[in-house]
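Here's the structure we're looking at; comments come further down.
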2 protein chains.
Amino acid sequence: MTPEEFRTAAHALVDWIADHRERIPQLPVAARVAPGEVAAGLAEHAPEAPEPLEDVLKDLEQVVVPGITQVQSPHFYGWFPSNASLASVLGDMASSGLGALGITWQSAPAATEVEEVVVEWMRELTGLPAGWRGAIQDTASTGALVAMLAARERSSGYSGASGGLQAQDAPLVVYASPHAHSSIAKAVALAGFGAGNLRLVDVDPITYAMRSDALAAAMDADRAAGLRPAAVVVSVGTTGTTAIDPLAEIVPIAQRFGAWVHVDAAMAGSALLLPEMRHLVDGIDGADSLGWNPHKWMGTILDCSLLYVRDPEHLVRVMSTNPSYLRSAVDGEVTQYKDWGIPLGRRFRALKLWFHLRLDGVEAVRARLRRDLANARWLAEQVEAEPGWRVLAPVSLQTVCLRHEPEGLGGEDLDAHTLAWAAAVNDSGRAFVTPSVLDGRWMVRVSVGAEPTEREDVAALWQLLRETAVLAPSSTGA
Amino acid sequence: MTPEEFRTAAHALVDWIADHRERIPQLPVAARVAPGEVAAGLAEHAPEAPEPLEDVLKDLEQVVVPGITQVQSPHFYGWFPSNASLASVLGDMASSGLGALGITWQSAPAATEVEEVVVEWMRELTGLPAGWRGAIQDTASTGALVAMLAARERSSGYSGASGGLQAQDAPLVVYASPHAHSSIAKAVALAGFGAGNLRLVDVDPITYAMRSDALAAAMDADRAAGLRPAAVVVSVGTTGTTAIDPLAEIVPIAQRFGAWVHVDAAMAGSALLLPEMRHLVDGIDGADSLGWNPHKWMGTILDCSLLYVRDPEHLVRVMSTNPSYLRSAVDGEVTQYKDWGIPLGRRFRALKLWFHLRLDGVEAVRARLRRDLANARWLAEQVEAEPGWRVLAPVSLQTVCLRHEPEGLGGEDLDAHTLAWAAAVNDSGRAFVTPSVLDGRWMVRVSVGAEPTEREDVAALWQLLRETAVLAPSSTGA
């Protein structure tokens, strides 16, 4: 395809995208396709000859769009916000259009240096300690794995460079909340610690935050048993309830054991853009790493996850390679982001943050986040005030965990009721919420914060929740 | 930014991209900025208020573009081709525009099923065994790490689910060519085997391919010493010389030890689109995994790496997580790509392959690859025929390893000469080649295969190589 053919096709695609974004509020939020339905709409084999763009756009419209849960909808309250702001989409387009290759500084100095600059902008905007440096990872899952690898290597005297984790005498142990994101257990398993060496520390029954006394006891017990505490993962905003583990209490405990402290603020990181929310990471000066996702609430399109570390030299020592075909005369003077994560080749992802911040401006982002915090508080107040409804966990950010509890309904009957009305909400197409388990019972998470969601949308959701809950069966036999 | 504001801005950006792509052949290939120069051209802090698009585009033009090595140039012969075909750029744009969230099947059924379909298209197009299934990873580095984790878990009885690698009695060992890509050693270290448990197996002095007899001897010796051979990485197209390790000979040896066979065909995978090149992976039926990068020679824009496995159930068992907030009623019926790799959240990357294949058509891609193979053979013939020049390794694909060897020049003087004329080529802005070390001496890799590179471009390069080599100092003192 020549640049001129691209020009024509891309203009048509841009119009399609703008039209699509305009109609998203009217689309059903949850995808309504059955398993296999999208695949059945696609050709069985790749085409030998070129097809016209119109055919591809037709399939995009008729086959792909119905197969997408519209997380950009004002009516999306599922999982966590996954905003793809159009300013950041422009940055993504610029990245694709440039077609740069990010393997070393030399292959695209601008890809390295724009990343350095915007990652420093973001450090400053979120109030992280001066001197901490970071890199863009695809997701917080990968960031957590990188942090666990850095922790493993520090605790094992750089075993990766010698006999590996298999040469350890005293097994290394990692600590986290049972409410930590699933990616933490995955990172611990993949990094080779083994699931059996992940300790899930007790949480407070009201706040669902890690109990620092329980952490200290668990670390003491492990050390007494000849094990080596290697890392503590501090969840600042758990996925279930956005519980905030007490970082300031945890840091001095971890330091007694020389354990790495990784702060998983995947969701809550956006809140750090608000100076009044920085208390969430009190104690950060003593931590070792923090990961968060601008691609969630802040709205820099996926994939854009930031991983900051206090000691970049250690990270680079763990992750670096230096074959002759990648060497250059400037190696000592520049940042080589290949040594800050797993992949060698990297897209020019910094552009989406750069475009997002410059075209929207930081103040507008902050105003939106404050709007969402207020909307979540407002919803929680309505729920608390309504008989038969309950807010189940502190609303520390913009997510409200709630349940409709008709009188006399409990146990599995209550679970069936919850799942039934949550399904009714999602099947309506008018909103999307996520059922989740808390204390062994199903509840519903309403995660406010889609970019276009205003107070009137949240009010409409609250109306919908009540309507569907009243109609839902109130026992498994109903 | 509203959809209408996006429409206006995106049309302007598309014109900028098309204009940029048109002028790439005239730009210097290697970026000419000094370390820190790009960063110095950017604002020190993020802007509080929105800036106009024009200002961002101006910076893109004046600060970013000069800081990019133009791998899309017809005069790019460095590293490996890293084509970003404009058809695939459109797919990337569609992905960004949709703003889908790929965490589970439910979050975007189409993202899962389009990926299943195009990955199967690609399996068929490359002649990989029926029944093998794959997923798109960001890069072959990550794919290699995933393969090493799968190998580790198979050889250790799923240690990740219990005591981890640190509970192993008999250390696990991995085997690879000393010419394997740097990502292999990195994957072995990160997966916890430890660099000390990576055996670099002898290669043939002419072909630089792994010697299967040396592999068998190394595996025998390790087993006799109480170690456990866990995996063999077979490089099909090494980075230095595109050497082809003999897969068909290696497979039965590895099978004797129950060792995982991972085929790293990052570069050569594109060649498998040509039926006449499938001999490169003779023996693949007995391997366990193969990774390759459509984002290299084939030209589906970065990041687009395919990882195929023979036993998907094993891979899913190693990589899966299943928290309540991600469960749905259809879990048993659908593919959950979060369990095929490291990240939970995934971009809709299948669209770029889908757009690329449909808008360009497979036959055009094959024709381009055949053109490049012929151009590389032609260049090798010119070099061989020219007194004082030498081709240093078999040209098994599209990369020619060559050196100008003036009479009487050897040792470090020859190295200095090679580095001097390679630098002169790159400094000219008229071409970009990669110096690399082979058998302890610097040589130059000419990797043909940028999408716009025609025979006349290769002929111009050959002229440039000769001109610069003649002018370069032929001793360190000259």
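Throughout, protein chains are lettered first and strands after them, A, B, ... in sequence-line order, and every chain is numbered starting at 1.
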Per-residue contact mode, A/I301 against chain B (heavy atom under 4.5 angstrom): side chain
Quick one: what part of A/A9 sits under 4.5 Å from any heavy atom of chain B, side chain, backbone, both or neither? both
Quick one: are A/W354 and B/V64 in side-chain contact, heavy atoms under 4.5 Å? yes
Please flag which part of A/E120 lies under 4.5 Å from any non-hydrogen atom of chain B: side chain, backbone, both or neither. neither
Applying salt bridge (Lys or Arg N to Asp or Glu O under 4.0 Å) to A/D55 and not counting sequence neighbours gives none
Taking side chain as everything from C-beta outward and backbone as N, CA, C, O, which of these in A/E48 sits under 4.5 Å from a heavy atom of chain B? Side chain, backbone, both or neither. both
Do any N or O atoms from the side chain of B/T69 and from the backbone of A/Q106 form a donor-acceptor pair under 3.5 angstrom? yes
Heavy atoms only: give me the nearest B/A46-A/V362 pair and the separation to one decimal. CB-CG2, 3.8 Å
Can you tell which part of A/R152 gets under 4.5 Å to a heavy atom of chain B, answering side chain, backbone, both or neither? side chain
So which part of A/P52 gets closer than 4.5 Å to some heavy atom of chain B, the side chain, the backbone, both or neither? backbone
Got a donor-acceptor contact below 3.5 angstrom from the B/R347 side chain to the A/L302 backbone? yes
Part of B/A43 within contact of chain A (heavy atom distance under 4.5 Å): both
Applying a strict 4.5 Å limit to non-hydrogen atoms, the region of B/S162 in contact with chain A is backbone
Highest number of heavy-atom pairs under 4.5 Å with chain B among A/G163, A/G36, A/S107 belongs to A/S107
In chain order, what residues pass the side chain to side chain donor-acceptor pair (under 3.5 Å) check against B/S85, with sequence neighbours excluded? B/S88, B/H356
Are side-chain heavy atoms of A/L344 and B/H181 found at a separation under 4.5 Å? yes
With respect to chain A, which residue among B/V56, B/L125, B/V117 yields the maximal number of heavy-atom pairs within a distance under 4.5 Å? B/V56
Check each atom of A/A191 against the heavy atoms of chain B and say whether the ones under 4.5 Å are side chain, backbone, both or neither. backbone
Among A/V71, A/L101, A/L357, residue most engaged with chain B (heavy-atom pairs, under 4.5 Å): A/L101
Which portion of B/E44 sits near chain A, non-hydrogen atoms under 4.5 angstrom: backbone
With a 4.5 angstrom heavy-atom cut-off, which part of A/L13 approaches chain B: side chain, backbone, both or neither? side chain
Could you tell me which of A/L351, A/T142, A/L359, A/V89 has the largest number of non-hydrogen atom pairs under 4.5 Å with chain B? A/L359
Ignoring hydrogens and geometry, is there a side-chain-to-backbone donor-acceptor pair from A/E22 to B/P3 under 3.5 Å? no
Contacting region of A/L53 [heavy-atom separation from chain B under 4.5 Å]: both
Can you tell me which portion of B/L98 sits under 4.5 Å from chain A's heavy atoms? Options are side chain, backbone, both or neither. both
At a 4.5 Å cut-off on heavy atoms, which part of B/V33 comes close to chain A: side chain, backbone, both, or neither? both
Is B/L190 close to chain A through its backbone or its side chain, or both, or neither, when contacts mean heavy atoms under 4.5 Å? both
Backbone N or O of B/G99 within a donor-acceptor pair of the A/Q72 side chain at under 3.5 Å? yes
Non-hydrogen side-chain atoms of B/L90 and A/M1 separated by less than 4.5 Å: yes
Exercise: identify the closest heavy-atom pair between A/D92 and B/S96: OD2-OG, 2.8 Å
Is it the backbone or the side chain of A/H20 that comes under 4.5 Å from a heavy atom of chain B, or both, or neither? side chain
In terms of heavy-atom pairs under 4.5 Å with chain A, the winner among B/A84, B/A39, B/P35 is B/P35
Under a 4.5 Å cutoff for heavy-atom pairs, which residue among B/T335, B/V334, B/D303 has the most contacts with chain A? B/D303
Mind ranking B/L172, B/I103, B/V114, B/N293 by heavy-atom pairs under 4.5 Å with chain A and telling me who comes out on top? B/L172
Looking only at A/A185, A/G192, A/A111, A/A189, most heavy-atom pairs under 4.5 Å shared with chain B are made by A/G192
Residues B/M93 and A/F6: closest non-hydrogen pair is SD-CZ, 4.0 Å
Check each atom of A/T2 against the heavy atoms of chain B and say whether the ones under 4.5 Å are side chain, backbone, both or neither. backbone
Quick one: which of A/F348, A/F193, A/W16, A/F355 has the most heavy-atom pairs under 4.5 Å with chain B, could you say? A/F193
Is there a side-chain contact between A/Q166 and B/Q166 in this structure, where contact means two heavy atoms from C-beta onward sitting under 4.5 Å apart? no
Just give me the residue among A/R366, A/M122, A/E153 that pairs up with chain B most often, heavy atom to heavy atom, under 4.5 Å. A/R366
Side chain / backbone / both / neither for A/T139 at chain B, heavy atoms under 4.5 Å: side chain
Interface residue of largest heavy-atom contact number with chain A, from B/A30, B/G91, B/P47, under 4.5 Å: B/P47
Please state whether the side chain, the backbone, both or neither of A/M319 comes within less than 4.5 Å of a heavy atom of chain B. both
Heavy-atom proximity to chain A below 4.5 Å, by part of B/D138: side chain
Contact origin within A/V65 toward chain B - heavy atom pairs under 4.5 Å: side chain
Between the side chain of A/R7 and the main-chain N/O of B/V14, is any donor-acceptor distance below 3.5 Å? no
Where is the tightest heavy-atom contact between B/P343 and A/S141, given as atom of each residue plus distance? CA-CB, 3.9 Å
Residue, of B/D59, B/V146, B/N83, that accumulates the most heavy atom pairs under 4.5 Å with chain A: B/D59
Can you tell which part of B/A161 gets under 4.5 Å to a heavy atom of chain A, answering side chain, backbone, both or neither? backbone
